[in-house]
Amino acid sequence: MKNDQIKKIAFMAIYMALYVALKMVGNMIPFLQMPNGGSIELELIPLMIASYHLGWKYGALCGLASFLLTIVLGFPMYFVQPIQIVLDYVLPISIVGMVSLFKPFEHASKPIVLTVVSVIGLTACVAVYYSYGMNLMALVGGVILAALVIALGLFLTSTKGHFGIVIVMIIKYFSTVISGAYFWAEGTAAGSLPAWTFSLGYNLWYNLVTMIVCLLMVPVLMSRIKKANIQGM
């Protein structure tokens, strides 16, 4: 039992190192960065793998420990007040580390998956439309994005993908949206409709791309780890 815990702690250290390394890489690539904070988060990949490999409790702990480690190492963190830190950092990284907790949803039925992705697609369409001027181009862009999201849902149902990744990324997205609407609303009243529409659109892009990257990479890497017969899988 003790040896098993030591091994899990050792694996946690490896995943934390990968988290820091990928976060550093992400910070060095300009096109991965959003202009006012937020980025395509490659570093979430090792956290999700840690959760599937070691269990959701260790995954959440690995996420929180990685967050604290990045603070110690001097990575930039935007601070307004404690609740904003929770919404922007603590809750998202914890829920991502808990992705394996949603394993019962991994093989959700087609109607459930399509319902969820349709809601995401509609949200994406509305966010793009209101965030980019409520004109014809914004509407077309929103419809195209919604169609891509629904196509991704169809892909998930056909491949029995890790639907838990979708769930945790939705929770993460809405956590950052709430923070954006109340703490990062520039030139608008906190919690107002313009603040909400701006936050919905701003936080959509990098979270959506991050989700797609994780959906593509995590299952592939998990299958490689299983084939390598690493203990704990």
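This structure is a prediction, so every number in the text was calculated from the model and none was measured.
What you find for L91 and S175 is that their closest heavy atoms are CD2-OG, 3.5 Å. Nearest heavy-atom pair across E43 and L22 is CA-CB, 3.8 Å. Closest heavy-atom contact between A181 and S199: N-OG, 3.5 Å. Shown here for S66 and L47, the closest heavy-atom pair between the two residues is OG-CD2, 4.0 Å.
Residues V218 and Y52 are in side-chain contact: their nearest non-hydrogen atoms beyond the backbone lie under 4.5 Å apart. I14 places a side-chain heavy atom less than 4.5 Å from the side chain of L18. Inter-residue side-chain proximity for F75 and V20 is flagged as met; some heavy-atom pair is nearer than 4.5 Å. In this structure, Y19 and T70 have side chains that are in contact, with non-hydrogen atoms separated by less than 4.5 Å. Between L54 and Y15, the closest side-chain pair of non-hydrogen atoms falls below 4.5 Å. When side chains are defined from C-beta on, Y206 does not count as touching Y173, because their heavy atoms never get closer than 4.5 Å.
The backbone N or O of S100 lies less than 3.5 Å from a partner atom in the side chain of S51, making a donor-acceptor pair.
Shown here are the ring pair (Phe, Tyr, Trp, His ring centres under 6.0 Å) partners of W196, two or more places apart in sequence or in another chain: Y182.
Between the side chains of H53 and Y58, no donor-acceptor pair of N or O atoms lies under 3.5 Å.
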Exercise. Could you walk me through whether M211 and L208 pass the side chain to side chain contact (heavy atoms under 4.5 Å, CB included) test, one step at a time?
Key: CA-CA 5 Å; M211 182 183 76; L208 183 60; 3.7 Å; yes
Quiz prompt | Derivation of the side chain to side chain contact (heavy atoms under 4.5 Å, CB included) call for V96 and M48 | solution = CA-CA 6 Å; V96 167; M48 292 183 181; 3.8 Å; yes
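When D88, N207, N203 are each tested for a side-chain hydrogen bond (donor to acceptor under 3.5 Å, both in side chains) with K172, only one passes: N207.
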